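The structure appears right after this line, and notes come after that.
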Amino acid sequence: VFTSSRISSFNRHMKTHSTEKPHMCHLCLKAFRTVTLLRNHINTHTGTRPYKCGDCVMAFVTSGELVRHRRYKHTHEKPFKCSICKYASVEASKLKRHTRSHTGERPFQCSLCSYASKDTYKLKRHMRTHSGEKPYECHVCHTRFTQSGTMKIHVLQKHSKNVPKYQCPHCATIIARKSDLRVHLLNLHTYKATEMKCRYCTAVFHERYALVQHQKTHKNEKRFKCEYCSYACKQERHMTVHIRTHTGEKPFTCVSCNKCFRQKQLLNVHFRKYHDADFIPTVYQCPKCSKSFSRWVLCE
DNA sequence: ATGCCCATCGCCCTCTGCTGGGATTAC
DNA sequence: AGTAATCCCAGCAGAGGGCGATGGGCAT
């Protein structure tokens, strides 16, 4: 509903509803509703941009565009101030958009899912997740991407010579992506209120990195000692198998002949050798005497 | 009716950071 | 060999910058 105290404004407004386009471009025959629109169009043919910026090469069709450009690029004057935070903008529409980050208002609803965005561009970008459209292509390997930024990172990490690296400030780790460094810091260098115990001794830690480093000091210890003999080993599973030589336990039974084994691996070898018709044993042949062996040995 | 100017709409862009899945490495 | 930890990577959303185009108030 349009109202105006001036008849001239009313008449001009009514023309916006008309499909009549009486003003034609003499260069390309395209028609326009008003002389102003025609003039602006002709300017695109002639390259006429009368409002030139004094500080850079940019030039504009209208004075308003020049003022706005100068605010963005040179004077940094931002007349529209947010009442909640420090944000200020050159244009009112930007402040309006910004305000939605305080109010949480999401006026642009996706028609295919529950997502709603705060501005039209994000909704448009989101719709690519439904359409599968990938408008950005890597010029080197031709992989396609939904967003230009993702492609940019890809080119930087995959096809650039000077790939940036991020050094962890707390340890020697070097990580390719800034966001991954954040994950590293969170997982390994964040103080945890609950104590983390060493798997091998009574030491406790509040930072995972310190715990992991400490546990490495146990690496070469033969921590597992047999209670029946002098045997010691690094891994618990080796000790489990060794203990069976004392107890006589043979938990792995062959399903075909009921023969029992201490180790699963021994059962597997037995089964393949005696019960698997398709099994072809590996044969190692001596290059000097042509004698065959079931494993690699030096022929005397 | 038209020119000037400002407000507004709309589009596209970049930078930023989080997430989760697959690959790789360490144990 | 199996599993847990870690790394690498693309997908995706949040926030904000910049500019072209159009509409309408006001003066001429």
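Since this is a predicted model, take the numbers as computed values, not measurements. Chain identifiers are assigned alphabetically (A, B, ...) following the order of the sequence lines, protein sequences preceding nucleic acid strands; residue numbering begins at 1 within each chain.
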Residue pair A:Val155 / A:Lys152, side-chain heavy-atom distance below 4.5 Å: no
Closest nucleotide among C:dC19, B:dC5, B:dT14 to the A:Arg125 side chain: B:dT14
Sugar-phosphate only, base, or nothing, as touched by A:Arg128 at under 4.0 Å among non-hydrogen atoms: nothing
Atom-pair distance (CG on A:Asp119; C1' on B:dC13), nearest Å: 12 Å
Whether A:His159 and A:His154 hold their rings parallel, tilted or perpendicular, with breakpoints at 30° and 60°: perpendicular
Nucleotide C:dT22, atom P - distance to CZ of A:Arg68 in whole Å: 14 Å
Between C1' of B:dT16 and NZ of A:Lys152, the distance in whole Å: 11 Å
Rounded interatomic separation in angstrom, taking NE2 from A:His69 and P from C:dA21: 16 Å
Spacing between A:Arg70 atom CZ and C:dC19 atom C1', to the nearest angstrom: 16 Å
Rounded distance (Å) that lies between atom P of C:dA13 and atom CZ of A:Phe108: 16 Å
Residue from A:His130, A:Arg128, A:Lys122 passing side-chain hydrogen bond (donor to acceptor under 3.5 Å, both in side chains) with A:His126: A:His130
Whole-Å distance separating the CE atom of A:Met127 from the P atom of C:dA13: 11 Å
Below 4.0 Å: OP1/OP2 of C:dG14 and any side-chain N or O of A:Tyr115: yes
Side-chain donor/acceptor of A:Lys122 to base of C:dA15, under 3.5 Å: yes
Interface residues of residues 82-98 of chain A with DNA chain C (non-hydrogen, below 4.0 angstrom): A:Tyr87, A:Glu91, A:Lys94, A:Arg97, A:His98
Side chain proximity check, A:His69 to A:Cys53, heavy atoms < 4.5 angstrom: yes
Touch class at under 4.0 angstrom, heavy-atom based, for A:Tyr136 against every strand present: sugar-phosphate
same_hphob_cluster(A:Tyr72, A:Met58) at 4.5 Å side-chain heavy-atom cutoff: no
With sequence neighbours excluded, residues passing side chain to side chain donor-acceptor pair (under 3.5 Å) with A:Arg71: A:Glu77
Spacing between A:Phe60 atom CZ and C:dA21 atom P, to the nearest angstrom: 12 Å
Distance (rounded to the nearest 0.5 Å) between A:Arg97 CZ and A:Tyr87 OH: 6.5 Å
OP1 or OP2 of C:dA15 under 4.0 Å from side-chain N/O of A:Lys118: yes
Selection from C:dG17, B:dT14, C:dA15 that lies nearest to any side-chain heavy atom of A:Lys78: C:dG17
Nucleic acid footprint by protein, nucleotides 6-11 of chain C - heavy-atom cut-off 4.0 Å, B for base, S for sugar-phosphate alone: SSBBSB
Proximity to the side chain of A:His126 - top-ranked nucleotide from C:dA13, C:dC19, C:dG17: C:dA13
Donor-acceptor under 3.5 Å (A:Gln109 side chain, A:Cys113 main chain): yes
A:Lys124 and A:Ser117, any side-chain heavy atoms less than 4.5 Å apart: no
Full working for side-chain hydrogen bond (donor to acceptor under 3.5 Å, both in side chains) between A:Glu65 and A:Thr62: CA-CA 5 Å; A:Glu65 285 174 75; A:Thr62 67; 3.0 Å; yes
Sugar-phosphate, base or nothing in reach of A:Arg71, heavy atoms under 4.0 Å: nothing
Contact under 4.0 Å: A:Lys73 side-chain N or O vs C:dG18 OP1/OP2: yes
